[in-house]
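See structure below.
Count residues from 1 along the sequence. The figures here come from the full heavy-atom set of this structure, side chains too, leaving out hydrogens, waters and symmetry mates.
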Amino acid sequence: MNIKKLSGIVSLFFITIGYAQKSNSKFVVQPYLQNASPSAITIMWETSSGEESTVEWGKTQKLGKKSSGSAFDINFSESRVHEVTLEGLERFTVYYYRVKTGNLRSDIYQFKTPPFAEDEESFNMIAMSDMQIDSQHPEKFGEIVQQGILSYLEKEFGGALPDNLALVMIPGDLVSSGSNYDHWNGHFFKPSHPLFSQVPVYPVLGNHERNTQFYFKYFSLPKNGTPAYAEHWWYKDYGNTRIIGLDSNDGYRDLRQQLEWLKDVLAKTEKDPKIDFVFAQLHHPYKSELWIPGEEEFTGKLVDLLEDFTNKTNKPSIHFFGHTHGYSRGQSKDHKHLWVNVASAGGAIDNWGEFEGKDYDEFTVTQDEYGFVMVEVSGDRSNPKFTLKRISRGNNINPKNNEITDSITIWKNNSIPDAPIPIEPVKNQEIKFNNIVLKAGHFKGNMADAFHAASNWQISSTKDFSKPIYDSWKQFENWYYMENRQKNDDLSDEKTANLEPNKTYYWRVRYRDQYLNWSDWSTISSFKTLSK
């Protein structure tokens with residue numbers, strides 16, 4: 001055989017092998033959505049081989065347009081992660097797309113671009129966390145997605161998924177071990193594919209991600225954080241709401257740069273008339289009723305900053321977190337700021353009594369259950385509001401089928417209740433020092449269906465109340481260890497003890513409705529304690 005003929009055969013052999021490799025390429029991670037704006041969105045997927053990164057898209061299933069992006073190594077192998085950003089989109093508009101790598105094509109999916117705040121469009125979002133696999137219940141996250149989120153949305157709204165859900169926030173612990181490549185598709189992307197192929201997902205790092213490069217390669221988050229710490233913290237606007245992602249993990253929680261960046265973002269948000277609400281997410285709780293060892297002081301610094309922001313601007317805020325595997329919802333004493341633990345979406349439940357816990361004043365509801373949180377944001381700029389709902393799947397002993405076990409509505413604009421009227425003791429009334437009972441009049445709210453949701457009682461030895469010697473804040477419900485510890489308290493009286501004899505005291509009270517509106521303080525009353 002001559003050299004030329006042999007060379008041709010060899011060339012044909014390698015061409016055939018190369019074609020076979022390309023044609024044998026398959027999806028490792030199906031398409032999912034990232035970083036949506038009114039005019040752009042990023043689409044990502046992973047294939048076992050192949051460099052082509054093409055998205056075919058359009059306003060109908062005929063598609064018609066193409067955009068290209070880039071592919072990069074994920075695991076020192078043939079496998080490639082593909083990233084394509086579609087630009088020039090119209091706001092609040094449905095688009096269809098499919099991805100292409102060589103001869104490999106996905107199904108056709110759809111998404112909807114976000115609105116501008118001035119469009120006054122309402123939207124829904126979901127927050128959930130801690131879906132790292134539980135070996136005893138390995139299919140739980142898939143159940144949360146399929147029988148939980150998708151079934152709930154279909155029953156409540158019907159129609160196409162992108163019309164009913166704008167985005168998903170995940171405050172950490174997406175996988176059991178972020179350094180294990182197989183966990184990302186097997187434990188996270190595969191069970192969530194029906195959701196994230198049509199709705200963008202915005203995670204932050206949990207401790208289980210272990211700060212690995214897999215996380216940063218798989219997600220394309222906003223690049224508006226501190227440049228040296230790209231994608232560790234960021235923010236994203238959707239309509240009238242600013243979403244902030246933070247990193248509460250060891251090595252990052254105490255970085256000066258993160259808090260300085262957050263202060264700067266909040267300062268800009270104060271002056272932005274288009275933003276009505278701020279929703280922040282990070283992994284670790286400041287306080288945890290089910291698992292005290294999981295608490296972190298860093299989150300307390302975040303709470304202080306958000307409370308101060310809300311106080312200055314009257315813009316309500318939330319911090320979503322996880323780490324503790326159960327649901328909790330609380331609120332700050334003096335501000336329209338919610339504390340919401342959105343776990344567990346798959347990780348083993350932290351059951352009551354299993355770990356050290358504590359009944360904190362802030363929390364009104366804590367449940368050792370699986371589920372997710374839905375937030376419905378109104379686009380009405382004249383009187384903005386949002387409603388937060390816990391959708392529960394129960395636990396292994398008491399399963400539930402998407403039961404709403406908690407709900408709260410927060411309005412941006414205030415309509416405060418009337419100040420309560422002191423009943424007794426009044427006008428220097430003399431009373432036994434070890435048997436003081438403060439009483440006030442009925443609650444009168446000034447919003448539709450408003451009811452008496454909290455009372456704050458104070459006693460002081462001076463009229464200015466600069467240093468109250470007694471300060472009690474109680475709410476209309478306090479679900480702790482499966483019991484409502486406030487079920488017999490109508491919040492109109494308060495028992496106190498351990499006051500000094502033969503002394504004059506001053507007292508006052510204020511009432512709060514279920515929308516977190518405090519009344520003004522009552523008029524100041526006084527009493528004198530007897531020696532016996």
Shortest non-hydrogen separation from [X] to [Y] and the atoms involved:
X    : Y    : answer
E209 : G206 : OE1-N, 2.7 Å
S407 : K389 : OG-CG, 3.8 Å
R390 : E369 : NH2-O, 3.1 Å
Q147 : R393 : O-NH1, 3.4 Å
A440 : Y511 : CB-OH, 3.2 Å
G239 : A117 : O-CB, 3.5 Å

Do the side chains of [Y] and [X] get nearer than 4.5 Å, heavy atoms only?
X    : Y    : value
N35  : P222 : yes
T364 : Y480 : no
W411 : L516 : no
I243 : Y202 : no
L302 : H319 : yes
Y252 : L255 : yes
F298 : L259 : yes
L491 : F476 : yes

Does the separation of the ring centres of [X] and [Y] fall below 6.0 angstrom?
X    : Y    : result
W339 : F320 : no
F279 : F386 : yes
W291 : H325 : no

When rounded to the nearest 0.5 angstrom, what is the spacing between [atom1] in [X] and [atom2] in [Y]?
X    : Y    : atom1 : atom2 : answer
N401 : E403 : CG    : CD    : 9.5 Å
S39  : L89  : OG    : CG    : 7.0 Å
S378 : N240 : OG    : CG    : 7.5 Å

Is the closest side-chain donor-acceptor distance between [X] and [Y] under 3.5 Å?
X    : Y    : answer
H323 : N207 : yes
T324 : S288 : yes
T299 : H284 : no
Q458 : D471 : yes
N414 : N314 : yes
T405 : Q367 : yes
T462 : D464 : yes
S220 : E83  : yes
Q475 : Q331 : yes
T226 : W233 : yes
D418 : N446 : yes

Practice problem: Taking the six-membered ring of F465 (Phe, Tyr or Trp), confirm whether the NZ or CZ of R508 is under 6.0 Å from its centre and within 45° of its axis. | Solution: yes
Quiz item: Can K287 be said to sit on top of F363's aromatic six-ring, NZ or CZ under 6.0 Å from centre and within 45° of the ring axis?
Solution: no
Quiz item: Hey, which of H337, R242, E307 is the one that makes side chain to side chain contact (heavy atoms under 4.5 Å, CB included) with S317?
Solution: H337
Practice problem: Apply salt bridge (charged side-chain N to carboxylate O under 4.0 Å, His left out) to the pair E120 and R381, showing each step before the final yes or no. | Solution: CA-CA 6 Å; E120 298 197 46; R381 300 301 310 287; over 6 Å; no
[X]: ring-ring contact (aromatic ring centres under 6.0 Å, His included) partners, not counting sequence neighbours:
X    : value
F443 : H452
F188 : F141, F196
F219 : F189, Y215

Between [Y] and [X], is there a salt bridge with N-O shorter than 4.0 Å?
X    : Y    : answer
E296 : R253 : yes
D272 : K268 : no
K358 : E289 : no
R510 : D334 : yes
D276 : K385 : no
D493 : K439 : no

Describe, in one word, how the ring planes of [X] and [Y] are oriented to each other, choosing from parallel (under 30°), tilted (30 to 60°) and perpendicular (over 60°).
X    : Y    : result
Y152 : F372 : perpendicular
Y238 : F123 : tilted
F216 : H232 : tilted

Practice problem: Run through Q198, K112, Q110 and flag the one making a side-chain hydrogen bond (donor to acceptor under 3.5 Å, both in side chains) with D163. | Solution: K112
What residues, two or more places apart in sequence or in another chain, satisfy salt bridge (Lys or Arg N to Asp or Glu O under 4.0 Å) together with [X]?
X    : answer
E295 : none
K301 : none
E154 : none

Looking at [Y], is its backbone amide N or carbonyl O close enough to the side chain of [X] to form a donor-acceptor pair, meaning the two atoms are under 3.5 Å apart?
X    : Y    : result
D119 : F116 : yes
S192 : L195 : no
E494 : L438 : no
T113 : T93  : yes
S248 : H283 : yes
N395 : D368 : yes

Quiz item: Going through the distances and angles, do M44 and L33 end up as a side-chain contact (heavy atoms from CB on, under 4.5 Å)?
Solution: CA-CA 6 Å; M44 300 183 72; L33 302 176; over 6 Å; no
Practice problem: Give the intermediate values and the outcome of side-chain contact (heavy atoms from CB on, under 4.5 Å) for residues F277 and K315. | Solution: CA-CA 5 Å; F277 308 116; K315 297 179 180 183; 6.0 Å; no
